[in-house]
Amino acid sequence: MKPLRLGAIIAILLLAVAVAFLWRPWDALKPCDAPKEYCTLASELEDKEGINSTEVGFETTMIDAKDGNSSLASWTVELDENLDAEQAGQIAHGVSSRIRDFASEQSKVRSSLRFVAGEPQESAVPDLVLYPLDVSDSEAVKERIVQAFSLLKLGALSVGPGSAVARDLPTLKILGDYAAQQEMPVTLALEDSSLRYSSDQRLNTSEFDLALEAAGLDGVDNVVFDSSGLSLHTNQEEDSQETGKLKDWLGQHAPLEEPVAFTLSSAGYAKVTEGWVGGKLPESLIARPARMPDGLAPWPKDPSAPACASGDLELSLGAPDAALGSRYMALYAKNISSESCAIQGYPRIEFRNSQGGRQQDMAIEPMAHIKAQRVVIPAGESILSALKWKAMSTANDPDETTMLSVAATRGFGTVKLIPKEGDSPVSLDILDGGQVDQSPWLQALDGWPIPGTVGQQPSRELP
């Protein structure tokens with residue numbers, strides 16, 4: 001064959017391929033299994049400029065011989081990925097309005113609509129095709145499509161409703177900057193799942209930058225930032241130098257405007273360290289002097305008062321109380337000596353069952369918002385330590401607490417106290433593995449029975 005003729009044939013073939021690609025004759029071969037009026041509308045929408053294809057699936061969701069069957073029409077509109085963001089948003093808004101109007105005229109048929117764009121990819125799920133852009137219809141569909149197209153054109157590998165995936169950190173930073181400018185609630189992630197940032201409010205730039213910075217540290221396997229705070233996982237052992245550097249970075253990092261909680265887990269999640277970035281605590285966790293009940297005057301500080309001795313204090317329990325799934329009980333210490341004495345800190349408590357056995361794996365935690373201060377107890381007066389715990393299920397574990405072993409402070413003698421309601425002993429739903437929060441010794445605490453009034457029913461408005 002002569003070279004000229006061969007070249008002409010190749011040119012004709014290339015032209016045919018190009019025409020076929022633009023014309024997309026295979027689209028005409030796609031069957032439409034929906035009712036005729038649905039197929040007609042799909043064809044009408046597909047002919048609009050900027051729309052590559054429109055498909056509608058139709059299925060019966062409930063058979064009702066009396067009142068008629070219920071059905072679902074599922075619309076998929078593929079937008080031309082070369083549209084600019086504003087054009088795409090305007091077209092999507094028009095399509096959404098047209099399908100909503102059509103759907104309102106149908107009886108017992110629900111409709112769903114999604115907009116897709118980009119080169120489709122087969123997935124591991126049979127018959128499921130994934131698109132780089134896939135956004136469901138909504139009242140704010142124009143805004144969503146504008147944002148989704150913008151993210152795609154800024155380098156996102158895939159975009160969904162309120163989410164985007166990037167190949168690398170620099171691209172993710174670009175996407176985050178755009179989301180911040182648009183004040184978008186968004187989830188941004190890396191393709192390899194090593195970083196995920198999620199916010200149900202507008203993207204916070206300082207929090208997002210913190211997550212990016214953490215993801216770039218040596219030894220970090222993955223980073224998650226969400227409403228719970230910053231979570232880092234390292235492939236290093238807990239006692240390794242690299243893990244130590246990560247702990248230092250978290251503790252010494254400049255705190256953000258709002259406190260950020262963190263968790264750091266070591267290799268195999270063997271150890272989880274918790275804290276606050278830069279050591280900045282939320283107001284609710286900053287220890288402050290306890291709030292006193294109204295009308296109660298604080299006792300004199302008297303720095304010359306001696307420390308209480310073990311025999312100076314008589315311990316007792318208030319009646320247990322309950323409210324909104326929580327349990328409450330006060331521990332009291334009365335100064336039975338002839339002069340004032342001072343104490344500071346927390347009582348030492350062990351919870352025991354009816355056989356006298358100690359409840360195992362108990363966590364007794366200080367109430368973080370109450371500051372422990374030196375209390376000078378006048379002779380004859382009483383102080384309290386507030387105890388609070390969540391209700392624990394005893395349905396399959398009758399081994400409840402029936403007694404407390406208590407020492408007023410470290411080094412003091414221990415006494416056994418039986419919880420009672422009136423004159424009758426009662427058990428407490430405190431079991432192995434439970435947690436009880438306790439306050440330091442206080443003159444009094446707002447919302448709790450005032451020491452010296454033991455025997456009265458505790459307030460139902462305990463904090």
Side-chain angles (χ1 to χ4, degrees), residues 259 280-310 312-349 364-390 404 406-410 412 415 417 419-421 428 430 435-463:
K280 183 175 182 179
L281 301 176
E283 284 294 320
S284 61
L285 295 182
I286 297 176
R288 303 186 188 283
R291 180 179 173 182
M292 298 270 284
D294 292 339
L296 190 66
W299 293 327
K301 299 291 185 182
D302 191 4
S304 63
C308 295
S310 182
D312 293 338
L313 300 176
E314 180 181 72
L315 301 178
S316 61
L317 289 176
D321 197 10
L324 301 176
S326 293
R327 304 288 188 261
Y328 307 88
M329 189 171 65
L331 172 65
Y332 297 99
K334 182 177 182 180
N335 181 3
I336 58 175
S337 72
S338 59
E339 59 181 3
S340 297
C341 68
I343 192 170
Q344 181 173 348
Y346 299 81
R348 314 287 288 182
I349 303 174
I364 303 177
E365 301 290 342
M367 293 181 181
H369 64 291
I370 299 179
K371 184 177 181 180
Q373 293 184 300
R374 183 174 182 266
V375 182
V376 178
I377 317 167
E381 296 287 356
S382 297
I383 55 174
L384 71 78
S385 172
L387 305 179
K388 177 181 177 181
W389 64 96
K390 293 292 185 183
L404 283 69
V406 183
T409 190
R410 185 186 298 274
F412 277 35
V415 298
L417 301 176
K420 294 182 179 181
E421 288 185 352
L428 307 175
I430 298 175
Q435 176 176 321
V436 175
D437 297 333
Q438 68 173 172
S439 78
W441 285 117
L442 304 166
Q443 176 184 342
L445 181 61
D446 188 37
W448 289 74
I450 298 173
T453 61
V454 178
Q456 296 181 2
Q457 287 297 316
S459 166
R460 306 298 294 189
E461 299 180 356
L462 299 174

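The figures here come from the full heavy-atom set of this structure, side chains too, leaving out hydrogens, waters and symmetry mates. Bear in mind the structure is a predicted one, so any value in this text is a computation, not a measurement.
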Legend entry - Criterion side-chain contact (heavy atoms from CB on, under 4.5 Å) against Leu331, the qualifying member of Ile383, Leu404, Leu384, Leu417: Leu417
Inset, instruction - Mind checking the CD1-CH2 spacing from Ile377 to Trp441? Nearest 0.5 Å is all I need. - result: 8.0 Å
Inset, instruction - Can you measure from CG (Leu324) to NZ (Lys390) and round to the nearest 0.5 angstrom? - result: 8.5 Å
Inset, instruction - Taking all heavy atoms of Ser340 and all of Asn335, pick out the closest pair and write down the distance. - result: CA-ND2, 3.9 Å
Inset, instruction - Could you grab the distance from atom NZ of Lys334 to atom OG of Ser316, nearest 0.5 Å is fine? - result: 9.0 Å
Inset, instruction - Check whether any side-chain N or O of Gln443 sits under 3.5 Å from a backbone N or O of Ala297 as a donor-acceptor pair, and report yes or no. - result: yes
Legend entry - Asp321 CG to Lys388 NZ distance, which is reported to the nearest 0.5 Å: 12.0 Å
Inset, instruction - Of all the heavy-atom pairs spanning Ala307 and Asp312, show the shortest one and how long it is. - result: O-OD2, 4.4 Å
Inset, instruction - Please check if atom CZ in Arg288 has more than 12 non-hydrogen atoms from other residues, nucleotides or ligands closer than 6.0 Å. - result: yes
Inset, instruction - With rounding to the nearest 0.5 Å, note down the distance linking CG in Leu387 to CG in Asp437. - result: 9.5 Å
Legend entry - Criterion side chain to side chain contact (heavy atoms under 4.5 Å, CB included) on Ile370 and Leu445, from CA distance to verdict: CA-CA 10 Å; Ile370 299 179; Leu445 181 61; 4.1 Å; yes
Legend entry - For the student: nearest non-hydrogen atoms of Ala342 and Ala305, plus distance: CB-O, 4.4 Å
Legend entry - 4.5 Å side-chain heavy-atom contact, Leu313 and Ile343: yes
Inset, instruction - Measure from the side-chain N and O atoms of Ser439 to the backbone N and O of Ala386, and report whether any donor-acceptor pair falls under 3.5 Å. - result: yes
Legend entry - Atom of Pro440, atom of Tyr346 and distance for their closest heavy-atom approach: N-CE2, 3.3 Å
Legend entry - Distance (rounded to the nearest 0.5 Å) between Leu428 CG and Trp389 CH2: 5.0 Å
